[in-house]
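Notes to accompany the following structure.
Residue numbers begin at 1 in each chain, while the letters A, B, ... track the order of the sequences.
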Amino acid sequence: MELTVKKAKLWMEALNEKIQKHKEYLSELDQAIGDGDHGVNMARGFQEVMNKLSDADYATPSDLLKDVAMVLMSKVGGASGPLYGTAFLKMAMATKNKEKLTEEDLTLAVEEAIKGLEQRGKAQLKDKTMLDVWIPVHHYMKQNSPIDWGNLEATAKGAMEATKELLALKGRAAYLKERSVGHIDPGSVSSYYLFQTLAETMKEGDE
Amino acid sequence: MELTVKKAKLWMEALNEKIQKHKEYLSELDQAIGDGDHGVNMARGFQEVMNKLSDADYATPSDLLKDVAMVLMSKVGGASGPLYGTAFLKMAMATKNKEKLTEEDLTLAVEEAIKGLEQRGKAQLKDKTMLDVWIPVHHYMKQNSPIDWGNLEATAKGAMEATKELLALKGRAAYLKERSVGHIDPGSVSSYYLFQTLAETMKEGDE
Amino acid sequence: MKKIINHPERVVTEMLEGLVAAYPNQLKLIDGRAVVTRKNVPVANKVGIISGGGSGHEPAHAGYVGQGMLDAAVAGEVFTSPTPDQILEAIKAVDSGKGVFMVVKNYTGDVMNFDMAAELAEMEGIQVDKVVVNDDVAVEDSTFTTGRRGIAGTILVHKIAGAKAEMGATLADVKAVAEKVVKNVRSMGMAISPCTPPAVGKPSFTLGENEMEIGLGIHGEPGTERKPLATADEIATELTDHIFKDMPLSSGDEVAVMINGLGATPEMELFIVNRKVNQILKEKGIGVYETFVGNFMTSLEMAGCSVTLLKLDDELKDLLAAHANTPAFKK
Amino acid sequence: MKKIINHPERVVTEMLEGLVAAYPNQLKLIDGRAVVTRKNVPVANKVGIISGGGSGHEPAHAGYVGQGMLDAAVAGEVFTSPTPDQILEAIKAVDSGKGVFMVVKNYTGDVMNFDMAAELAEMEGIQVDKVVVNDDVAVEDSTFTTGRRGIAGTILVHKIAGAKAEMGATLADVKAVAEKVVKNVRSMGMAISPCTPPAVGKPSFTLGENEMEIGLGIHGEPGTERKPLATADEIATELTDHIFKDMPLSSGDEVAVMINGLGATPEMELFIVNRKVNQILKEKGIGVYETFVGNFMTSLEMAGCSVTLLKLDDELKDLLAAHANTPAFKK
Ligand SMILES: Nc1ncnc2c1ncn2[C@@H]1O[C@H](COP(=O)(O)OP(=O)(O)O)[C@@H](O)[C@H]1O
Ligand SMILES: Nc1ncnc2c1ncn2[C@@H]1O[C@H](COP(=O)(O)OP(=O)(O)O)[C@@H](O)[C@H]1O
Ligand SMILES: [Mg+2]
Ligand SMILES: [Mg+2]
Ligand SMILES: [Mg+2]
Ligand SMILES: [Mg+2]
């Protein structure tokens, strides 16, 4: 199964739906250990992504992902704006000019996104950030060919849930020290949605 | 029965006790249609009155009442400070040099107090102020000789309760317009305590 | 009751100590009297200006003591007018021989206590005069009632009477300009949450999640009307409408605007209200000479605001623009 | 959620419109960008100073735009760092050719967005440098973590860097003095009630009637510790103790003190806290050069306060004393 422009758009639509639907939940998670805006930020950003995509035609998934990146960068703000912006930009750059993305292409794209996230946010595995979802997912993708998208989703979900027990060292949750333990990281949940909707899109087979 | 210096002191002690005990009730009444400080004001003032009286010896009730007036004037503040201060000062002036106050003396004292209150506060009967207790009580005193102190107390109480249905025209309650109806006037309650404790003191017979 | 205090009965004293500790070169406290004066009173050849009232309205009134505004402020207990002896102390401290002018808000208690102090001061040979501020249009003015309350417009009286006195004006001239301000200033307030006087310990009223009080003062009292919570634009419209009804303004008039927070209102909300007030005035062709947005006359931790409009002429404009340097108001 | 607003999603825009309407001769708004600048930017031959961050901290940051402080402020959504394109707009607006200095609070989001903007500006040939303010001692500084947050101490960086720039200093000199402030400023905060971001509609946390949060920031987040509500004196002692542990001060040192309200704290309470902080400093022989009490860096309608101490030398004293004229800070 490959990611076409059409599928990339479906992915973004599904992700947007997910985020709008769980906007309050994401904000609640962020109120517990952050400043309570993650849901609002993501919902605002992806609404703008939808506005952008609805008007546009793209030759490659890369072009589409680049636009997603630019919108997130300029409409989200906070930590998640530049981080997701960077992640999508790196995915776009890693897949430049390709009409369809193979599973290998996607694996490489996620790898580049992680490098971008690490460079921007200076966080590591187990710092209780969205990286705690991205890294295990990438690990799973590298080890499994072809990818079982159901398993990938389960991996993302487990990784997201595992952030609950971590002590935050980066992001706002770090200011709570021990009190950050026992709460799921909001950015890990939005990243889980990202991979969950990607998996669903990929599972749906070629159109 | 006459009001001696000793009895005047007992009166003030009883009044102070009453006020301290009902401090919160008086403030609650004032929160409903005023600024919520009447209990606090009266309690602070009469506590100071007690401090003053405990150190002092007086030749006449008038001397004692004058000290009460001065303390209230300088320790209560708000509307009730100058008003009660004036009332006690006028009572002191009306009974100057008398060793014991007869019922006639007291009636005159209350009459003078009312004149003072009217002059200071520019309120009239039915404006929903403490005058709505003072005036009916004075009326009762003038009409009944000897005074039945039980009836006097009942008159004060009835007058106090009747303020509930009045529309306030003076004092802070006037700002509530129609909303002032249905609440007892706090100053009328403290004035009721004043006459209630006077009646009790007078009823206890000569010592 | 949640407050950052030590003891409900010590709040006024401790607050004034903390204030004077913050501005030791500008202010001093008359011990035991709750009177804050400029450090250098009496100011030679100047009419002394004093104001005051109950506490709980901070920065009013001690925050306005300083060059170009007050010479002294007298603090009563929370929401309780100060007593005549305190006020007398302030009068004596600021009199340079040129007389003392009192800015009094129109509450029965305040008026009585300030008047008694003035009588005592006059017995000591000090010339005293006063203005009674009654800017709140929530309740109609009437000779049968207490009349209107003084609220945030009082600060503009401090500013303008203070500037006039600073220029060396006589007591009569200071009074004349203060009365001109009172004649031309109107306010109206609203709140979405009550306050809790420290010594009482209970909120002054309770409001539902979707209710607001319109037409209330600055003492935690209920207002003239309880209504469903409206938008900022609707609130701004209602408050200014009330003012226009009482003081018609026409195209070409010029005003100063004060959007006053009652203590717990985020400045964000005050600016949103100002946005609409400004639009309304512009639409009517009324010029906005100057705008003041902030907590000027508060009611402890009440959330809400008032809108004040002062109609200006050239004299008032000049006095409003004059130099002032107090903890809470600088020009 | 009770707020005097029109719509949760329009609060930032409408607030800025209301702000600029209040100060039309001093400020202007870059349409659609949520950037407030001085009316006359770029100021010739002056390093441009910009700051910004999420909204909800009013008067920070737009209230500090004006002579002697900022040239522009960039407003994000409530509690959300502005985006690089907004910040770039501010940088371009204030650059006179002498470079632009950014005062950034140390939050992951703020630092990333300002850095990205700086990179974009540099690509357009504008020299940009920055300081990252991290005055909050609630969390220890550590290379493994995000480090400390920037809170109320930021205002003192605005003041001092602003004064330096106003004197014609180079970008490097402005940066040097800003870093000196950061090295010498420490804050610590507490709260007794949470706040409700408009777009979220729910309070950020719940606190019992007798509880307080110690060591929290300015984004409605919980603190490092929940404790029984203490007296004002105990709170002042605890906050200053934390600061002394991080930045030891000795007899003879001189400091500036800021007692900052978080939005819904009556000024009365801030002064009661200042009283004790002042006593504590005096007992230690530490001189208080200047004290600032008020709402400088708020967290919507949170009730609580922070204490900031800035250790001074002669240069910092002079810059602190220099003229400033902004809506929220005048000297
Ligand atoms: N340094 C970082 N590296 C990676 N992810 C981070 C970092 N800091 C924060 N995050 C992620 O961002 C999320 C918070 O995003 P959001 O609430 O939108 O921004 P902000 O923290 O600025 O309010 C966190 O839950 C976390 O997953
Ligand atoms: N003009 C007046 N004449 C007589 N009594 C008055 C007048 N104004 C107020 N009062 C009385 O004073 C009481 C309020 O006293 P208090 O609450 O102590 O003072 P304040 O109103 O200044 O807060 C009212 O309940 C009323 O009985
Ligand atoms: Mg957040
Ligand atoms: Mg009262
Ligand atoms: Mg009162
Ligand atoms: Mg945020």
Portion of [X] that has a non-hydrogen atom of chain A nearer than 4.5 angstrom:
X	result
D/V111	neither
D/P197	side chain
D/P203	backbone
D/A138	backbone
D/Y107	both
D/E225	backbone

- Message: Counting heavy-atom pairs under 4.5 Å with chain A, which one of D/R226, D/Q86, D/M112 comes out on top?
- Response: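 Highest number of pairs under 4.5 Å: D/M112.
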
- Message: Let's test your reading of the structure: which of D/T108, D/V139, D/T80 forms the most heavy-atom pairs below 4.5 Å with chain A?
- Response: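 Most heavy-atom pairs under 4.5 Å with chain A: D/T80.
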
Looking at [X], I want to see if its [atom1] is surrounded by more than 12 non-hydrogen atoms of other residues, nucleotides or ligands under 6.0 Å.
X	atom1	result
D/K2	NZ	yes
A/M50	CE	yes
A/E99	CD	no
D/E9	CD	no
A/M70	CE	no
D/K3	NZ	yes
A/E17	CD	no

Engaged part of [X] at the chain D interface, taking heavy atoms whose separation is under 4.5 Å:
X	result
A/K75	backbone
A/A32	backbone
A/E28	side chain

- Item | Salt bridge A/K177-D/E221, side-chain N to carboxylate O under 4.0 Å | no

- Message: Less than 4.0 angstrom from a charged side-chain N to a carboxylate O is my criterion; do A/R179 and D/E213 meet it?
- Response: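 Yes, charged N to carboxylate O under 4.0 Å.
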
State, to 0.1 Å, how close [X] and [Y] come at their nearest heavy-atom pair, and which atoms those are.
X	Y	value
A/L176	D/G223	CG-O, 4.1 Å
A/G34	D/P222	O-CD, 4.4 Å
A/Y175	D/N106	OH-O, 3.1 Å
A/G36	D/V200	O-CG2, 3.0 Å

Hey, could you give me the [atom1]/[atom2] distance between [X] and [Y], rounded to the nearest 0.5 Å?
X	Y	atom1	atom2	value
A/N41	D/S81	CG	OG	9.5 Å
D/N113	A/S74	CG	OG	10.5 Å
A/R172	D/R149	CZ	CZ	9.0 Å
A/D35	D/I218	CG	CD1	10.5 Å
D/D115	A/R120	CG	CZ	7.0 Å
D/K202	A/Q31	NZ	CD	7.5 Å

- Using a cut-off of under 4.5 Å for heavy-atom pairs, which of A/M73, A/Q124, A/E24 has the most such pairs with chain D? A/M73

- Please tell me if the side chains of A/D37 and D/H219 come closer than 4.5 Å, counting only heavy atoms from C-beta onward.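 When only atoms from C-beta onward are counted, D/H219 and A/D37 do not touch, as no gap falls below 4.5 Å.
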
- Item | Heavy-atom side-chain contact between A/V40 and D/E77 under 4.5 Å |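 They are not in side-chain contact.
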
